[in-house]
Every structure is written in structure tokens, then in C-alpha cells.
Undergrad: 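Sharing a structure here in C-alpha cells format.
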Amino acid sequence: MRIESFDMKYLDDYFSEFTEEITRYQWPDPFKSIDGAKEVLQDFLDEMTRDEMLLFAVVDTDERFIGSVEIHGLTEEVPELGVWIIESEQGKGYAFKALKLALDYAHLKFGKSKYFYEADVRNIGSNKLLDKLSDNYEIKALETEELVTDSGKELKLQGNVLKRKDCMLDNL
């Protein structure tokens, strides 16, 4: 698999694969229409052109869209991470590989070494991903926040701050 800058050629796949199950433990809900998905993704692409965020498509060896990885708030001290993989491809290590590539890119291009990653405590896959990142990142868990989304989903979000271990000497 590889990551590439998101392109609207993946719009239909993004829309159809961003399902109830994918968003079960996330703030956003599935898009109500393809036009709604296009509007949000275009906003993301506009933010990319201003170097405010990164949005990558995760693509398999057959050039098939299998998810996305995002880094929001590049102008902030601690940008926020997001990643999702389509249901049929989960559990194969794609999220970790995609996120690692995106993090390395953000470090090289923007000098970023600290990130915010939030996952629902019940989202086993996202929490396994966090464990995998601990080889290269010091992870500080924050308090869990229980909240209800506008659509009524009850979330138990655990925030984490990740700091690249190879940048630990930056603070000395």
C-alpha cells in the first residue's frame, strides 16, 4: 500500500465506504449525500493548498482506495491525527503504515514532532494502532471525555499527545 495526496477521483469510494460502522466511534457521521462529501473533501483540499492540513488517500497495490489519513491543524503546535481504513481491509496493518508515512512526511516537510490522537476507548483497532506507535513516539494519555454528538452517538474519547522519540533532545 501507499499514500498519495487525496484526489477527487476517490470521491465515490470515500463516500460509499465512510459507513455507519466506520464512524461508529467517531464524531463525524456518514455523509448524507455525495455532494456533502464533496464539499467537505474540497474544504480539506483547500486547507492543503494553504499548508494547513494533510489529506492522503490510502491506496493498495491495485490502485484501489482503501482509506484516508489526515493531519489537521498544521499551523498549530500540536496537529491532530485521523485515519480510517475500509471495513474489508481492516486488521491488515494499513492504518499503521499509512499513519507512519504521513507522520514522517509532516516531520520532514513541516518540522512537526508532536501530535494529538484521539480515539474512543471502545475502538479496539484505534487503540492497537496507538500501541504500535509507541515504538517511535512517547505517548501521554489525557483524560477520557464522555460526550454525545449532534446525531446522538455516545462517545468516550481518550486523547493522547504523541512526541517523536528521536526529537526528545529538542527540549534540552
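As the structure is a computational prediction, the values presented were derived from the model and not from experiment.
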Undergrad: Which pair of heavy atoms, one from A37 and one from F15, lies closest together, and at what distance?
TA: CB-CD1, 4.0 Å

Undergrad: Distance from E70 atom CD to L99 atom CG, nearest 0.5 Å?
TA: 10.5 Å

Undergrad: How far apart are the C-alpha atoms of L103 and Y137, what are their side-chain angles, what is the distance that settles it, and do they pass the side chain to side chain contact (heavy atoms under 4.5 Å, CB included) test?
TA: CA-CA 11 Å; L103 288 166; Y137 290 85; 3.3 Å; yes

Undergrad: Examine F6 and I34 and state if one hydrophobic cluster contains both, with Ile, Leu, Val, Met, Phe, Trp and Tyr joined whenever side-chain heavy atoms are less than 4.5 Å apart.
TA: yes

Undergrad: Just checking K140: does its NZ atom have more than 12 heavy atoms from other residues, nucleotides or ligands closer to it than 6.0 angstrom?
TA: no

Undergrad: What about V69 and V78, same hydrophobic cluster or not, with Ile/Leu/Val/Met/Phe/Trp/Tyr joined at side-chain heavy-atom distances under 4.5 Å?
TA: no

Undergrad: Do you know the tightest heavy-atom contact between I71 and A102?
TA: CD1-O, 3.6 Å

Undergrad: Say whether F110 and Y115 are linked into one hydrophobic cluster, either directly or through other cluster members, by side-chain heavy-atom distances under 4.5 angstrom.
TA: yes

Undergrad: Donor-acceptor check, side chain of K38 to backbone of M8, threshold 3.5 angstrom: yes or no?
TA: no

Undergrad: Just how far is it from atom CG of L130 to atom CG of N123, taken to the nearest 0.5 Å?
TA: 11.0 Å

Undergrad: To the nearest 0.5 Å, how far apart are OH in Y117 and CG in N160?
TA: 8.0 Å

Undergrad: Determine, step by step, whether E63 and R2 satisfy the side chain to side chain contact (heavy atoms under 4.5 Å, CB included) criterion, reporting the C-alpha distance in whole Å, the side-chain angles of both residues, the deciding distance to 0.1 Å, and the verdict.
TA: CA-CA 9 Å; E63 300 297 313; R2 64 185 173 78; 2.4 Å; yes

Undergrad: Looking only at heavy atoms, which two atoms of N127 and A119 are closest? And how far apart?
TA: OD1-CB, 4.2 Å

Undergrad: Measure the spacing between OG of S113 and CG of L162 and express it to the nearest 0.5 Å.
TA: 11.0 Å

Undergrad: So which heavy atom on E118 is nearest to which on F116, and how close?
TA: CB-CE2, 3.7 Å

Undergrad: Any sub-3.5 Å donor-acceptor pair from Q90's side-chain atoms to I85's backbone N or O?
TA: yes

Undergrad: Name all residues meeting the side-chain hydrogen bond (donor to acceptor under 3.5 Å, both in side chains) criterion together with D13; count only those two or more places apart in sequence or in a different chain, and write none if there are none.
TA: none

Undergrad: Going through the distances and angles, do D104 and R164 end up as a side chain to side chain contact (heavy atoms under 4.5 Å, CB included)?
TA: CA-CA 10 Å; D104 289 346; R164 284 179 74 101; 3.2 Å; yes

Undergrad: Not counting sequence neighbours, which residues clear side-chain hydrogen bond (donor to acceptor under 3.5 Å, both in side chains) with E146? List them please.
TA: none

Undergrad: Please answer: with hydrophobic residues joined when any side-chain heavy atoms are less than 4.5 Å apart, are V83 and I139 in the same cluster?
TA: yes

Undergrad: For K114, give me all partners under side-chain hydrogen bond (donor to acceptor under 3.5 Å, both in side chains), at least two apart in sequence or on another chain.
TA: none

Undergrad: Between K156 and R122, what is the shortest heavy-atom contact and its length?
TA: N-NH2, 3.8 Å

Undergrad: R64 versus I86: any side-chain heavy-atom pair under 4.5 Å?
TA: yes

Undergrad: Which pairs would a plain distance check flag for residues 40-58, meaning a side-chain donor or acceptor within less than 3.5 Å of a matching protein atom at least two apart in sequence or in another chain?
TA:
unit_1	atom_1	unit_2	atom_2	d
Q42	NE2	D46	OD1	2.9
T49	OG1	D46	O	2.6
R50	NE	E52	OE1	3.2
R50	NE	E52	OE2	3.1
R50	NH2	E52	OE1	3.1

Undergrad: Considering all heavy atoms of both residues, which atom of V148 and which atom of E154 are nearest to each other, and what is their separation?
TA: CG2-CG, 4.0 Å

Undergrad: About how many Å separate CG of D120 and NZ of K153, when rounded to the nearest 0.5 Å?
TA: 10.0 Å

Undergrad: What residues form a salt bridge (charged side-chain N to carboxylate O under 4.0 Å, His left out) with E20, not counting sequence neighbours?
TA: none

Undergrad: Is there a side-chain contact between P28 and F18 in this structure, where contact means two heavy atoms from C-beta onward sitting under 4.5 Å apart?
TA: yes

Undergrad: So do the side chains of E89 and M1 get within less than 4.5 Å of each other, counting heavy atoms only?
TA: no

Undergrad: Could you pull out all residues at least two apart from Y10 that satisfy ring-ring contact (aromatic ring centres under 6.0 Å, His included)?
TA: F65

Undergrad: State whether the side chain of T23 and the backbone N or O of Q26 hold a donor-acceptor pair below 3.5 Å, judged by distance alone.
TA: no

Undergrad: So, taking the atom named NZ in K163 and the one named CD in E138, what distance separates them when rounded to the nearest 0.5 Å?
TA: 8.0 Å

Undergrad: Using the benzene-type ring in the case of Trp, are the ring centres of Y25 and W84 under 6.0 Å apart?
TA: no

